[in-house]
Each structure stands twice: as C-alpha cells, then as structure tokens.
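Let me begin by presenting the structure, written as structure tokens, before commenting on it.
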Amino acid sequence: MANINAPKGVPDYVPPRSRDFLRVQEQLSSSARLSGYEYIELPVFESTELFERGVGTSTDVVQKEMYTFTDRGDRSITLRPEGTAGVMRAVIENRLDKGALPVKLWYRGPFFRAERPQLGRYRQLQQVGVEAVGSVDPIIDAEVIALADQAYRSLGLNDFHLDLTSLGCSQCRPAYRIKLQEFLGTCDLDQETKERADLNPLRVLDDKREIVSSQMIDAPLMIDSLCSQCQEHYDQVRDFLRIFGVQWNEAPRMVRGLDYYTRTTFEFVHPGLGAQSGIGGGGRYDGLMAELGGSELSGIGFGLGVDRTLLACEAEGLTPFRSRILDVFVIPVGDQSREPSVSLLVALRAAGIAADVCVDNRSIKSAMKAANVSNAPLVIIIGPDELSSSSVIVKNMTSGDQQSLPSEPGTLIPAVQETLRNLQAENRKEDQS
RNA sequence: GUGGGUGUAGCUCAGCUGGUAGAGCGCUGCGUUGUGGUCGCAGAUGCCGCGGGUUCAAGUCCCGUCACUCACCCCA
C-alpha cells in the first residue's frame with residue numbers, strides 16, 4: 001500500500017526541532033504580551049470576500065495563492081493567507097472599534113498560501129502578529145517596530161536588519177503613482193511586468209531581476225513625494241525609533257505585497273536563510289477598517305514568520321535551545337516496584353515536576369540508558385531493596401552522585417524540588433561564566 | 001506558472017569507466033551479581049523513489065513518472 005505523504009509544501013516539525021519551533025513561537029509572542037497586547041483567537045478560514053476586499057484583488061496573494069473552496073452551504077471560503085484582514089473583521093464584528101482606543105491585539109497560528117515551496121516558504125506558514133488599531137500616533141508605529149525588534153533580539157538574533165520606508169497616503173500617493181507610471185512607460189519591460197505596472201506600479205520597483213532593477217535606478221521614489229503630513233509622520237516615527245533604540249535602513253524601494261499599506265512600512269531581513277530573507281514585516285493601513293465596513297480608523301501591525309525566524313536562529317547557531325523537557329526519570333526495578341513507581345510519578349507531576357517513568361520492564365542497565373537519553377537531571381530508582389526500607393534512590397545524572405531518601409512523598413517531593421533548584425542555580429552560574 | 005538539482009539503511013552520505021550494496025552516527029545486546037554517559041565486542045535494518053527500455057548482467061546507462069529540494073515571480 002502506498003504511503004500517504006504530507007501535502008506539498010507543508011512542514012512537519014518533529015522532535016527535537018519541534019522544541020525549537022515552540023520556543024521561537026513563544027518568545028515572539030511573549031514580546032507582544034510584554035507590551036500590553038491582548039490575545040485574539042481567530043478562525044483559520046474566512047469568507048473569501050474578506051480577503052478580496054481587505055488584501056486587494058490586485059495582489060498576487062489574492063489572485064493566485066489562496067486556498068478557496070465552497071462549503072456545504074455554497075459559501076465561498078478561503079483559508080486565511082494573512083492575519084490583518086481577519087483581525088479587522090473581528091474588531092468590527094465585536095465592536096472593539098467603538099471602545100477604548102487604540103485596540104492592541106496579538107495573534108498567532110497558521111496561514112496558507114498556495115505558492116511553489118522553497119526554503120523558508122511553505123504553503124502552511126506560522127506567524128505571530130500584532131495589530132494596534134485606532135491611532136495614528138507615530139509612537140505606536142515605533143512601538144510596534146521596536147516590539148518586533150525586541151522579539152528577535154530576545155531569541156539571541158543579531159544578524160538581521162530592518163528596512164523602513166513610508167508609502168504615503170491617499171493624499172500624496174495617487175500623484176506619485178501617476179508620476180511613476182509615466183516613468184515606467186519609458187522602460188523596456190516584458191508583458192507581465194507591464195501589466196503589473198498598470199495594476200500596482202510600486203511593485204515593479206523592487207523587482208529583483210537585473211533586467212528590471214537596472215532600469216529602476218532613476219525611478220522616482222515615493223519617499224521624495226510625501227505630502228507634508230506624511231513627511232512629518234515619518235520623521236517622528238524615526239525620532240521615536242531612536243528613543244526605542246532601534247536601528248534601521250532607509251529602503252525607499254521596498255514595497256509590500258498587500259494593497260492596504262500606507263505610510264510607515266517595514267520589513268525585517270535576515271541574510272542567513274536563502275532567498276526568502278524576510279523574517280517579518282508590516283506597516284500602517286489607513287483605509288482598511290473603513291473598506292471592511294468599520295470606523296474610519298488607522299491601524300498598524302506586523303507579522304513575524306515563525307518558520308523563517310527558526311531558520312534564522314539556526315543560521316546563527318542559536319539552536320538547539322537548551323530547554324529541559326524532563327526533571328525526573330523514574331525507574332522501577334522488578335514487578336513489585338511498578339505500582340509504587342507510578343504513584344510516585346503521579347505525586348511528582350502533581351507537584352509540578354516534569355516526570356516520566358521507564359516502561360516495559362527494562363533491565364536497570366537499559367533503563368539507565370533510557371534515562372540518559374531522556375536528559376532528565378535526576379533519576380529515581382525504586383527496587384526491592386528500597387521497597388523493604390521505604391526509601392528511594394535519587395541519582396544526580398550530571399555528577400553521578402546518588403543518595404537514599406525516604407519514599408514518603410511529604411519529605412521526598414520537597415527534597416527533589418530543592419535539588420532541582422540547586423541544579424538550576426548551578427546551570428545559571430555556568431551560563432554566566 | 002517557469003528554470004536547475006537530488007532521490008541508496010532511522011539520519012548524513014559513499015558506491016570510479018555496468019557484475020544483484022557499504023561507512024559514520026543512531027539503535028539493540030554483551031563486557032556476570034541492581035546503575036547511564038567514555039571505551040571494547042557482537043548484532044539488526046535496505047522492493048538502491050516508482051514504471052519501462054538497453055544488456056548475459058543496472059544502484060550504476062537511456063526514457064518516462066512521482067516526490068523532495070533550490071531558485072525566479074511573489075512573500076512571512
């Protein structure tokens with residue numbers, strides 16, 4: 001019988017790498033929690049119309065990358081390709097836009113895009129994102145960017161940079177757009193690119209193909225055509241970024257792939273993971289809420305790619321993260337010890353100690369081997385001798401020392417906790433030195 | 001959608017100009033009596049991606065196919 005494989009382009013994270021994946025995801029989201037953002041849990045699929053209106057029909061994402069199907073009620077449903085549109089829908093639907101502003105939210109989970117997979121680009125991708133809705137204050141722009149920066153740094157990442165620009169607003173962008181289109185009309189472009197120039201001329205600016213990019217050197221830039229309000233906003237964003245201690249590159253040719261971005265736009269780039277170098281990005285969106293039927297509120301947000309951030313960590317040699325899965329590994333020796341061992345296991349876990357037990361009646365030698373593989377710092381051995389003296393052996397796997405302790409949980413559990421605390425303290429000392 | 005690469009043990013891979021498979025790591029056991037990590041010894045495991053062709057003979061050559069992968073477009 002033929003094996004069933006995973007669908008094309010979806011990653012499996014299996015141990016031990018799945019630990020690193022979890023660690024990255026948790027670290028990224030803890031940065032948002034630390035900044036006072038509240039969690040929002042959203043569906044993985046939405047009405048197709050939400051993305052068509054929110055993300056924009058001119059984008060590649062909507063035109064050719066969505067997983068769209070008809071449900072049993074004949075409704076058109078799409079697996080979410082990005083997070084912002086869904087958050088806006090939920091904000092409007094739950095009237096959060098009528099309450100205290102700004103609304104600060106974070107989310108995480110899978111997103112889906114039917115692209116050809118390659119390193120760091122998957123059809124199911126994991127993101128952690130934040131959105132701050134209802135303020136145009138440049139402090140928020142800077143905070144959101146700083147938050148992302150902090151998230152990466154908290155993982156130990158160093159070798160990344162931040163590209164930053166402003167895309168203008170509904171006041172100044174249309175005029176620039178016409179200017180750019182006039183310029184593009186003088187360029188020698190292939191058919192597909194001409195169509196793109198028509199639909200969304202800004203996207204031609206950051207085409208990586210030499211034949212195109214060489215012609216873009218003299219192209220007019222949005223950053224030179226900002227209206228006075230956008231210019232002032234951008235200046236202030238940069239002022240506050242300095243206060244947040246965030247460094248950036250001016251990236252006037254950077255364009256994001258989603259239609260809704262206005263003003264502040266940014267992307268974090270890491271050179272260590274092949275062609276898909278963006279590990280996170282986002283920007284401000286002025287018209288999105290209104291477009292989706294909500295209040296006329298501006299928002300700003302970003303998505304951090306968990307998959308790519310993990311690759312970045314690996315590229316910098318930060319993984320595997322040293323995370324201990326088990327505190328104690330319990331070894332029963334002989335049939336009579338099986339029940340007391342499980343009782344002890346229950347007591348350990350109830351006390352918040354991560355514990356596992358050796359099963360299958362393995363020989364003590366083989367059980368010790370399993371204990372070693374488990375990486376648990378402590379092993380508790382219960383055999384006939386211990387049963388008859390109401391004791392257990394607690395062995396420190398690092399030093400090899402072991403001692404006999406009374407098996408009565410009221411004294412054993414605190415003793416184990418104490419030992420674990422001491423071990424932790426030792427580890428911390430080693431990390432510092 | 002377009003182009004390149006690769007498919008051999010659980011993993012990483014070797015296998016030159018065709019003669020029906022190997023290494024390292026891992027795994028299991030042993031090194032006597034209830035103790036892991038190091039070391040030594042022993043052992044298990046492969047439809048050599050799949051289908052067809054050439055040949056006395058194919059992992060090795062040819063064709064097809066599928067999968068994976070990298071890159072373009074685009075994006076996290």
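Just so you know, these numbers use all the heavy atoms, side chains as well, and skip hydrogens, waters and symmetry mates.
Rounded to an integer number of Å, the gap from CD of Gln336(A) to P of G34(B) is 16 Å. In this structure, the CD atom of Glu131(A) is 12 Å from the P atom of A76(B), given to the nearest Å. To the nearest angstrom, C1' of C70(B) lies 13 Å from CG of Leu273(A). Separating the CZ atom of Arg362(A) from the C1' atom of G29(B) is a distance of 12 Å, rounded to the nearest angstrom. Taking atom CG of residue Leu119(A) and atom P of nucleotide A76(B), one finds them 16 Å apart after rounding to whole Å. What separates CG of Asp385(A) from C1' of U35(B) is a distance of 13 Å, to the nearest Å. Rounded to whole Å, atom P of G36(B) lies 15 Å from atom CG of Asp401(A). For Asp360(A) and G29(B), the CG to P distance is 11 Å, given to the nearest whole Å.
For C13(B), the paired base is G22(B) (Watson-Crick or G-U wobble, both distances below 3.5 Å). Under the Watson-Crick or G-U wobble criterion, with both distances below 3.5 Å, G1(B) is paired with C72(B). Checking C50(B) for Watson-Crick or G-U wobble geometry (two distances, each under 3.5 Å) identifies G64(B) as its partner. Here G43(B) sits opposite C27(B) as a Watson-Crick or G-U wobble pair (both hydrogen-bonding atom distances under 3.5 Å). Nucleotide U33(B) forms no Watson-Crick or G-U wobble pair with any nucleotide shown, as no partner meets the under 3.5 Å limit on both distances.
Here Gln118(A) reaches the OP1 or OP2 of C72(B): one of its side-chain N or O atoms lies under 4.0 Å away. For the OP1/OP2 pair of C68(B) and a distance below 4.0 Å, the side-chain nitrogens and oxygens of Lys8(A) include at least one atom meeting the criterion.
Closest approach to the Arg116(A) side chain among U2(B), C70(B), A76(B) is made by U2(B) (side chain taken as heavy atoms from C-beta onward).
Residue-level contact check: Gly334(A) touches neither bases nor backbone, having no heavy atom under 4.0 Å from any strand. Heavy atoms of Gln124(A) sit nowhere under 4.0 angstrom from any nucleic acid atom. Using a 4.0 Å heavy-atom cutoff across all strands shown, Thr398(A) reaches at least one base atom of the nucleic acid. In this structure, Leu304(A) reaches neither bases nor backbone, as no heavy-atom distance under 4.0 Å exists between it and the strands shown. No engagement by Phe111(A) is indicated, since no non-hydrogen atom pair under 4.0 Å with the nucleic acid exists. If you check every strand for non-hydrogen atoms under 4.0 Å, Ile331(A) touches nothing. At the heavy-atom level, Arg113(A) lies under 4.0 Å from base atoms of the strands shown. As judged by a 4.0 angstrom heavy-atom cut-off over every strand, Ile364(A) is placed among the base-contacting residues. Here Gly129(A) lies out of heavy-atom contact (under 4.0 Å) with every strand. Within 4.0 Å (heavy atoms only), Leu125(A) reaches at least one base atom of the nucleic acid.
Checked by distance alone, Asn372(A) brings no side-chain donor or acceptor within 3.5 Å of a matching partner on the base of G37(B). If you check distances only, the side chain of Lys395(A) does reach the base of U35(B) with a donor-acceptor pair under 3.5 Å. In this model, no side-chain donor or acceptor of Gln402(A) finds a partner on the base of G36(B) within 3.5 Å. For a distance-only test at 3.5 Å, the side chain of Glu115(A) qualifies as a donor-acceptor partner of the base of A76(B).
Between Arg123(A) and Ala6(A), the residue whose closest nucleotide on RNA chain B is further toward the 5' end is Ala6(A).
Going from the C1' atom of C47(B) to that of U35(B) covers 43 Å, rounded to whole Å. Distance noted for atom P between C61(B) and G7(B): 11 Å (whole Å). Taking atom P on both G22(B) and G46(B), the two are 13 Å apart, rounded to the nearest angstrom. Using C1' as the reference atom, G49(B) and U69(B) are 14 Å apart when rounded to the nearest Å. G64(B) and C25(B) have their C1' atoms separated by 36 Å, with the value rounded to a whole Å. Comparing the P positions of U20(B) and C11(B) gives a spacing of 26 Å, expressed to the nearest Å. Nucleotides U8(B) and C68(B), compared at atom C1', are 15 Å apart to the nearest Å. Taking the C1' atoms as reference points, G10(B) lies 37 Å from G1(B), given to the whole Å.
Using cut-offs of 30° and 60° on the angle between ring planes, the pair Phe21(A) and Tyr13(A) is parallel.
In this model, a donor atom of one side chain and an acceptor atom of the other lie less than 3.5 Å apart for Glu131(A) and Tyr285(A). With hydrogens and angles left out, the side-chain atoms of Ser76(A) and Thr70(A) include no donor and acceptor closer than 3.5 Å. Between the side chains of Glu143(A) and Ser35(A), no donor N or O sits under 3.5 Å from an acceptor N or O. Inspection of the Tyr67(A) and Gln124(A) side chains reveals no N or O donor paired with an N or O acceptor under 3.5 Å.
Salt bridge absent: Lys395(A) and Asp401(A) never bring a charged side-chain N and a carboxylate O closer than 4.0 Å. Under 4.0 Å is where a charged nitrogen must lie from a carboxylate oxygen, and between Arg17(A) and Glu314(A) at least one such pair does.
The environment of Phe45(A) atom CZ is sparse: at most 12 non-hydrogen atoms of other residues, nucleotides or ligands sit within 6.0 angstrom.
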